[in-house]
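Worksheet: the structure to be examined is printed underneath.
Predicted model, so just to flag it, every value in this text is computed and none were measured. Numbering of ligands and ligand atoms starts at 1, following listing order.
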Amino acid sequence: MKKFAGIIGYPLSHSVSPSMHNFIYQKLGIEVEYKKWEIEEHNLESHLETINDEDFIGANITVPYKEKIVSFLDEIRDEAKFTGAVNTIVKNDNQLIGYNTDVYGIEKALDIKFKNDVIKKAVIFGAGGAAKAAVYALLRRGLNNLIIVNRTKINAIKMIDKFNDVNCDHSVFTFNEKPQIKSACLSSDLIINTTILGMKGSGYEDISPIDCTFIDSNSVIFDMVYNPTKTQLIKIALDKNAHIIEGLNMLVYQAIKSIELWTGIHPSFEDMYNKCKEILEGKLNNE
Ligand code: NAP
């Protein structure tokens, strides 16, 4: 029987991962089928047990399970250990091993704008799995001033505690502390959205974490939300002639790393990026 992998999350209506993976597997003759598993939280553990048969090679984990999945795995490695967030499970000798390929995706996406430049000050909206991966990637690039804005303050404080040993100034705000957030945004090298705000299917598609007064033409805006490609935040940034990094770049790079871990094959960025772009722009069906 054909081997299989897939994506576990909730909701998943917005996800182009199955189309992107199955397209590249067919193109490269990789004998793997990539499935979509939209699972409610109370079924997460039993679902993992059900799919974990001899043909299962691994899975991607997305919102909201990157941290919740950790307790069901045999081992976690590398960036996943440091961030406590897993976006890729690899089955190896009947063990389920957790990795975090979001860090690689973020690093490659940042290279598009920053190349090898140091990023000293960043504002991150959100404090979930993707935010932790962003902090990890930014600390590697010399970050020394971090501002976290999150709906639930305690989650942001817990995240900061995780990175306590690291020498980096930090502040935490909730969304209603607008003057402080505005001042931080206007003086930072980078603004990243890692919340679900702007995401199709989230109920918040038309919402941006900030308004146009928080940015200027020197701002660099990285929106991890990739569907739609032009989120409210990206539209505001474009109106201000700011620099943008679209979440689709990260999506493709983190997928490439997952495929490498499962199969040893390193697929082409351009092939996968173009396929996703066509789907997201409505030129192709999201199968
Ligand atoms: P997560 O661990 O579930 O974290 C979700 C974050 O969103 C938390 O900070 C949460 O705040 C915040 N949030 C949820 N609902 C909100 C609301 N109504 N208003 C304001 N904030 C809200 O999810 P994740 O894995 O980090 O993913 C977060 C986002 O990044 C998603 O949009 C996902 O699609 C995107 N992402 C993209 C890529 C890519 O490759 N482009 C990769 C990973 C993630 P609380 O702490 O208050 O709950």
Side-chain angles (χ1 to χ4, degrees), residues 7-17 20-21 38-39 41 44 60-70 79-80 83-88 98-110 112 123-137 148-160 162 172-177 181 192-210 221-229 231-234 244-259 269 272-273 276-277 280:
I7 182 164
I8 301 174
Y10 194 95
L12 280 182
S13 54
H14 70 288
S15 178
V16 294
S17 290
M20 171 175 68
H21 280 264
E38 190 168 60
I39 302 299
E41 187 173 347
L44 186 59
N60 286 131
I61 310 298
T62 188
V63 188
Y65 301 135
K66 285 180 186 170
E67 294 167 89
K68 293 183 183 109
I69 201 78
V70 169
E79 289 89 352
T83 57
V86 164
N87 81 320
T88 303
Y99 290 84
N100 189 314
T101 72
D102 280 340
V103 173
Y104 175 80
I106 292 164
E107 285 175 339
K108 295 292 284 181
L110 290 174
I112 295 170
V123 180
I124 298 182
F125 289 85
K132 292 182 181 82
V135 174
Y136 186 78
I148 304 291
V149 182
N150 199 45
R151 177 181 62 174
T152 313
K153 202 162 199 166
I154 186 68
N155 292 344
I157 291 168
K158 280 186 195 158
M159 176 165 106
I160 293 285
K162 226 179 187 11
V172 170
F173 300 111
T174 53
F175 283 86
N176 54 3
E177 293 171 278
I181 302 169
I192 312 187
N193 177 36
T194 76
T195 72
I196 62 160
L197 297 176
M199 182 173 107
K200 191 170 179 178
S202 67
Y204 300 94
E205 184 169 346
D206 296 329
I207 310 286
S208 162
I210 51 178
I221 309 289
F222 177 5
D223 198 345
M224 284 197 191
V225 175
Y226 68 85
N227 189 0
T229 47
T231 58
Q232 269 308 109
L233 175 60
I234 292 289
I244 60 161
I245 302 173
E246 290 178 324
L248 186 52
N249 297 292
M250 174 182 168
L251 179 82
V252 174
Y253 280 121
Q254 63 76 31
I256 287 173
K257 199 69 181 170
S258 296
I259 295 169
F269 173 84
M272 291 167 69
Y273 179 89
C276 291
K277 192 99 181 163
L280 293 168

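At the top of the distance list for atom 24 (P) of ligand 1, counting protein heavy atoms only, stands Ala130 N, 3.8 Å. Closest to atom 37 (C) of ligand 1 among all protein heavy atoms lies Met224 O, 3.2 Å. Nearest protein neighbour of atom 19 (N) of ligand 1, counting heavy atoms only, is Leu197 CD2, 3.6 Å. Of the protein's non-hydrogen atoms, Asn150 OD1, 4.0 Å is the one closest to atom 10 (C) of ligand 1. Of the protein's non-hydrogen atoms, Arg151 NH1, 3.5 Å is the one closest to atom 17 (C) of ligand 1. The protein heavy-atom contact nearest to atom 4 (O) of ligand 1 is Gly128 CA, 3.5 Å. The protein heavy-atom contact nearest to atom 18 (N) of ligand 1 is Tyr204 CZ, 3.2 Å.
When every heavy atom of Val252 is checked against every heavy atom of Tyr273, the shortest pair comes out as CG2-CA, 3.8 Å. When all heavy atoms of Lys153 and Val172 are compared, the pair lying nearest together is CE-O, 3.6 Å. Residues His14 and Asn227 share a closest heavy-atom pair of O-ND2, 2.8 Å. Residues Ile124 and Ala131 share a closest heavy-atom pair of CG2-CB, 4.1 Å. Pairing each heavy atom of Ile61 with each of Lys66, the nearest pair is O-CE, 3.3 Å. Across all their heavy atoms, Ile39 and Tyr10 have their closest contact at O-CB, 3.4 Å.
In this model, a donor atom of one side chain and an acceptor atom of the other lie less than 3.5 Å apart for Asp102 and Asn87.
Side chains of Tyr253 and Met250 form no contact here, defined as non-hydrogen atoms less than 4.5 Å apart. With contacts defined as side-chain heavy-atom distances shorter than 4.5 Å, the pair Ile148/Phe173 does not qualify.
Checked by distance only, ligand 1 and Asn155 come closer than 3.5 Å through their nitrogen or oxygen atoms. Among the atoms of Gly247, some N or O lies under 3.5 angstrom from an N or O of ligand 1. Checked against a 3.5 angstrom limit, the closest N/O atoms of Lys66 and ligand 1 fall inside it. Between Ala127 and ligand 1, a contact under 3.5 Å exists for at least one N or O pair.
The closest donor-acceptor contact from the side chain of Thr88 to the backbone of Tyr99 lies at 3.5 Å or more, if one exists at all. For Thr152 (side chain) and Asn155 (main-chain N/O), no donor-acceptor pair under 3.5 Å exists by modelled atom type. Proximity of a side-chain donor or acceptor of Asn150 to a complementary backbone N or O of Ala127 within less than 3.5 Å is detected.
Closest to atom 2 (O) of ligand 1 by heavy atom, among Ser202, Ala85, Pro209, Gly129, is Gly129. Around atom 45 (P) of ligand 1, the closest heavy atom drawn from Asn193, Thr194, Ile148, Thr152 belongs to Thr152. Among Val149, Thr195, Leu248, Val63, the residue whose heavy atom lies closest to atom 32 (O) of ligand 1 is Thr195.
In summary, the atoms of ligand 1 found under 4.0 Å from a heavy atom of Pro64, numbered by their order in the structure, are 3 (O). Of all atoms in ligand 1, numbered sequentially from 1 with element shown, those under 4.0 Å from a heavy atom of Met199 are 32 (O), 34 (O). The distance from ligand 1 to the heavy atoms of Gly126 drops below 4.0 Å at these ligand atoms: 9 (O).
Both the backbone and the side chain of Met250 come within 4.0 Å of ligand 1, counting heavy atoms alone. Contact annotation for Thr62 and ligand 1: no heavy atom of the residue comes within less than 4.0 Å of the ligand.
A salt bridge does not link Glu79 with Lys132: none of the charged nitrogens is closer than 4.0 Å to a carboxylate oxygen.
Ligand 1 is approached by Val225 to a heavy-atom distance shorter than 4.0 Å. Within the structure, the closest approach of Gly105 to ligand 1 does not fall below 4.0 Å when heavy atoms are considered.
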